[in-house]
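Notes follow the structure.
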Amino acid sequence: MDNNATTKVAREAVEEMMPYLSDLYGNPSSMHSFGGQVGKEIVQARQRVASLIGCSADEIIFTSCGTESDNTALRGSLATAGNKRKIITTRVEHPAVLGTCRELEHHGYTIVEIGVDKQGRVDLDELRKCIDDDTAVVSIMYANNETGVIFPIDKIASIVREKGVTFHTDAVQAVGKIRIDLAKSNIDLLSISGHKLHAPKGVGVLYVRKGTRISPFMLGGHQESGRRAGTENVPGIVALGKACQLAREHIDQEKTSVKKLRDRLEKKILASCPDCFVNGDRENRLPNTSNISFEYIEGEAILLLLNKFGICASSGSACTSGSLEPSHVLRAMGVPFTAAHGSIRFSLSRYNTEQEVDFVAEKLPGIVNQLRRLSPFVKN
Ligand code: PLP
């Protein structure tokens with residue numbers, strides 16, 4: 001139940017990558033045919049990624065992860081933006097974007113973080129007003145990793161395009177879960193992470209629309225047509241290609257069977273646990289994600305007790321040096337402090353089953369009652 005953290009690698013992807021971890025270990029940049037045959041596999045993987053998101057293969061750059069793709073998009077576009085010093089983003093981005101922006105602030109850039117409403121939705125008028133002649137890049141995520149809320153990215157991309165500014169979207173949580181067609185969109189840069197869509201960790205993608213000016217972030221060899229140096233993670237790339245092909249075949253299953261499982265889980269929890277509610281816009285949400293706040297109790301305590309039953313989920317707070325900080329996403333949405341502390345994210349995949357969902361729904365009410373009996377916030 002923690003697939004937004006990472007996913008099971010598809011068996012088919014493991015099978016395709018295995019030869020490149022053993023006998024076929026050539027370097028794709030080599031002149032000889034031993035390396036050359038490996039290079040052909042990268043060509044195929046690039047095509048498969050491109051087919052999933054509706055772009056051409058030469059617009060795909062392989063990276064090491066979603067974080068590298070986000071960093072490359074931001075730093076790479078700033079490097080070509082001349083004197084422009086403004087970056088527009090939102091308050092609910094992943095740290096890969098927010099952390100990068102905040103670091104850039106120390107180097108003289110101005111960061112504008114657009115807020116969200118109670119449902120986690122961005123205000124497009126506010127975005128329009130913020131974009132000016134000093135704006136170098138706008139970076140707004142496709143779908144939120146904590147709540148699953150999907151932003152109207154094609155609309156946002158068009159607003160940004162009208163102003164002649166580069167637009168990046170962190171689509172790490174969206175790719176493979178909802179249909180994305182870049183041929184019909186004005187997105188310039190888009191980040192993907194392999195391990196969120198049933199490929200292994202250590203491989204990602206940055207889509208760069210033809211004509212978008214960005215400087216390489218990693219310098220060195222001439223891999224990826226000089227756009228990202230470093231010898232390619234061949235097994236990871238081969239597996240990612242296969243995972244993208246599978247994602248394309250299974251994309252309808254996300255909004256049918258995976259959504260059905262998520263809805264079943266949510267319905268059962270809401271019916272059996274009093275004082276809990278779903279966070280985020282329930283209409284525009286990833287089909288696999290449910291973020292639920294349980295009033296008066298700590299999310300981390302719920303997680304520990306779920307873990308005893310072998311159930312994996314995530315909480316909206318991070319335990320740092322003894323103090324529990326509630327999630328920046330829920331705080332930006334104005335979720336009350338106690339409810340933000342008691343939030344749990346359940347995130348499913350096509351590999352989850354109805355039995356698993358029912359098992360979680362069966363165990364959770366007992367856990368919630370147990371913790372509420374101990375809670376100083378509940379009057380017994
Ligand atoms: N962006 C979002 C929205 C994410 O959810 C994550 C990972 O959780 C990342 C970026 C970072 O991806 P990676 O783990 O591949 O660096």
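Whatever order the structure lists them in is the order used to number ligands and atoms, beginning at 1.
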Within reach of ligand 1, part of Glu68 (heavy-atom separation under 4.0 Å): neither

Pair Lys84, Thr135: side-chain N/O donor-acceptor within cut-off below 3.5 Å: no

Lys/Arg-Asp/Glu bridge criterion (N-O < 4.0 Å) met for Asp188, Arg161: yes

Enclosure of His222 NE2 (heavy-atom neighbours >12, cutoff 6.0 Å): no

Asp133, CG atom: more than 12 neighbouring heavy atoms under 6.0 Å: no

Atom NZ of Lys259: over 12 foreign heavy atoms under 6.0 Å: no

Heavy-atom neighbours of Arg248 CZ exceed 12 at 6.0 Å: no

Nearest-neighbour protein heavy atom for atom 15 (O) of ligand 1, which is reported as residue plus atom name and distance: Ser193 OG, 2.7 Å

Nearest-neighbour protein heavy atom for atom 8 (O) of ligand 1, which is reported as residue plus atom name and distance: Lys196 NZ, 2.5 Å

Per-atom contacts of ligand 1 with His195, taking only distances under 4.0 Å to non-hydrogen atoms: 13 (P), 14 (O), 15 (O)

Nearest protein heavy atom with distance in Å, relative to atom 5 (O) of ligand 1: Gln173 NE2, 2.8 Å

Atom 11 (C) of ligand 1: nearest protein contact (heavy atom, Å): Thr67 OG1, 3.4 Å

Electrostatic pair Lys86:Asp132 at N-O distance under 4.0 angstrom: yes

For Asn145, atoms of ligand 1 separated by under 4.0 Å from a heavy atom: 3 (C), 5 (O)

Heteroatom distance test (Gly66, ligand 1): nitrogen or oxygen, under 3.5 angstrom: yes

Over-ring placement of Arg372 relative to Tyr296, 6.0 Å and 45° cut-offs: no

Part of Val97 within contact of ligand 1 (heavy atoms, under 4.0 Å): neither

Shortest protein contact, atom 4 (C) of ligand 1 (heavy atom only): His94 CD2, 3.2 Å

Residue, atom name and distance, where the atom is the protein heavy atom closest to atom 1 (N) of ligand 1: Asp170 OD2, 2.6 Å

